[in-house]
Protein chains: 2
Amino acid sequence: MARGRTAPRLVDVAERAGVSLATASRALSGREGVSPAVAERVQAVAAELGYVVNAHARSLAGGSASIVGLIVHQIDDPYFSEIAAGVISVAYEHGITVQICHSARDPENELRQIRTLVANNVRAIIVAGSGYVGDEVETAAKRELAAFQDTGGRVAVIGRHALRADAVLPDNEDAGAALAEHLVGLGHRQIAIASGTVNLTTVVDRLAGIERALADHGIDIDDLPLVEAEFTRDGGAYAAERILAEHPGSTAIIALNDAMAIGALATLRAHGVAVPSQMSVVGFDDVTVAADLAPSLTTVRLPMAEMGADALMMALKDPSSRPRRRHTGHELMVRDSSGPVRA
Amino acid sequence: MARGRTAPRLVDVAERAGVSLATASRALSGREGVSPAVAERVQAVAAELGYVVNAHARSLAGGSASIVGLIVHQIDDPYFSEIAAGVISVAYEHGITVQICHSARDPENELRQIRTLVANNVRAIIVAGSGYVGDEVETAAKRELAAFQDTGGRVAVIGRHALRADAVLPDNEDAGAALAEHLVGLGHRQIAIASGTVNLTTVVDRLAGIERALADHGIDIDDLPLVEAEFTRDGGAYAAERILAEHPGSTAIIALNDAMAIGALATLRAHGVAVPSQMSVVGFDDVTVAADLAPSLTTVRLPMAEMGADALMMALKDPSSRPRRRHTGHELMVRDSSGPVRA
DNA sequence: TTGAAAGCGCTAACAA
DNA sequence: TTGTTAGCGCTTTCAA
């Protein structure tokens, strides 16, 4: 599979423009030290030839890499695909390409992905998945990312990650509080929680917010049923099954993300439980489809695309002495899936 | 931003294992000509050091590239994110990483993305977006991809692309026929079509299937209202608005993908039009959420993840003398959004 | 079976 | 302002 000449190379451009390799390189990467006339000529030739820099060669030669790595738990989860869209659009504006890796919510896997990205000398690594709480492997990943940063690599994380890196922090705790507040305001007390696995910081933070808001109303979260399941649609469906079976008195379900809420709604529909009259359901994230469900889903909007875009923009900026932290807002989207508790 | 030593290099492994660079290289890429004992030792050392090959160096040195490019229209469209998940999982098994590019349904943009991938000497390019019908720029993209293949690059497309490359062909035409057949069987005659832009081969093929099935029943598709709009949720919402306003007699809407169907359902709900009793709605693709909508969406399932996986597997195989073509099946998923026409 | 050495295409000193 | 040249980390002849 020996690949021959496919794309034109810098030498081709240089020759044709009658300049040296160095000059051509400078002209094309817009560095100074080239006369405008020459620069323009080189660029014209490059365009004419359809020249695109070979990222491998550039990276290997120590130039600024034009690839960023994006690590998501699962790309076909709308939460992540919306983040990815944000990352990709910013990357595009900067002439950067995006390598996507699945961690599949497996810290071991995530470590391997990080190693690959580091070995490939990417410009930056965006970790979009939730952090893990107190996990050995996470520590290995952390060490790897820290080393990457020490040698000039840039890292930005989305979510709480116990990592000295720029971070976009989704407003998980306040979002949880807003949602709990909303349900309590509607008169709910028998609230069940469809939770993702509690080794995810996202889950922990959302629960913390819920706990705080409930405590303000004299409700102890530990008295409420909590079913821990996969942080996915099917996990939500399963959690709702168990809630119906084991805690039939519940009047509301807080699902810790929209995927789980969608699963819960499916289960409730299958059981003929009317939403919201018999059971309110709320989620987190406001994925695109949430507003189009029937009943439309009450949830807390997190600006996913913006989060992805911001994460990459941070990572592309010069590093600051201390990590930047950008908090997202959240917006309670009250829709049709939540209503007053039945008299 | 001069990056120092981050990841261990092959020399590090070689030194530590007490062998030459060449031997280490051979041992790690599993080529022959290395004694089993030595190979094992080298691999052990590599694992111990957490060594991962530098893809840039490998690619530049003429080794088989470990990156594939994936071009989608829009990653936060479930159709594409499910395809991407399939591609990524196969890539992972093969130790390959995936670069994702948005073409944003802009042929010009797509061309630029292809050029970048070619310049980066990727192992293969998977074009997941629909082809375009008779477009100048498409021709440029075609030329670029053909040249890439001529020099050993591998290309696989998903959809009809007028390109001499391995292809996964979604069963668009038969799917369209199945859906039209389904509606006619329910007694519908006043069928309106919410169509994506007709420069997409996907749209053209789905329409062809619909036309064929309708013709079998003596219905001329040209007599039916067709609203052309963006191939997205919002496009579907817009198309439904126009259908309601301009063709109030319609009893069914065929949306040419699920995203458009979801938009159409939203519009109908907003106008208080009951589905399916007043209006049936059907879509294409069977994105994950289709079954969880209320009413659940009647649609035609295309195995997106499998399509992505197959496309990459084809691209990774040795090229055959003639392009392979793998047809997907389709499966009519009759759900709650379609019903008999009201008496 | 192993090793030495020549590049892959580019950037970044260093020279002119 | 421009050109020359030494690598970046790897694979792959070619020799031993």
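Chain letters run A, B, ... following the sequence lines, proteins first, then strands; residues in each count from 1.
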Is the closest basic N to carboxylate O distance between B/D166 and B/R326 below 4.0 Å? no
Taking it one step at a time, do A/R154 and A/R123 satisfy side-chain contact (heavy atoms from CB on, under 4.5 Å)? CA-CA 7 Å; A/R154 304 282 291 119; A/R123 167 112 155 239; 5.6 Å; no
Whole-Å distance between D/dC8 P and A/N121 CG? 13 Å
Are A/N109 and A/S103 linked by a side-chain donor-acceptor pair shorter than 3.5 Å? no
For the helix from C/dT1-D/dA16 to C/dA16-D/dT1, what angle lies between the axis at the first five pairs and the axis at the last five pairs, to 10 degrees? 40°
Might you confirm whether atom CZ of A/R322 has over 12 heavy atoms from other residues, nucleotides or ligands at distances under 6.0 Å? no
For nucleotides 10-16 of chain D, just jot down a letter per nucleotide in 5' to 3' order: B, S or -, based on protein non-hydrogen atoms under 4.0 Å. BBBB---
On the six-membered ring of B/Y92, is A/R112 placed so that its NZ or CZ lies under 6.0 angstrom from the centre and within 45° of the ring axis? yes
Please determine whether a side-chain nitrogen of the Lys or Arg among B/R16 and B/E48 lies less than 4.0 Å from a carboxylate oxygen of the Asp or Glu. yes
In the structure I gave you, are the side-chain heavy atoms of B/I83 and B/V72 within less than 4.5 Å of one another anywhere? no
Just verifying a value: how many Å separate A/C101 SG and A/H73 NE2, rounded to the nearest 0.5 Å? 13.5 Å
Length of the line joining B/L28:CG and D/dG9:P, which is rounded to integer Å: 16 Å
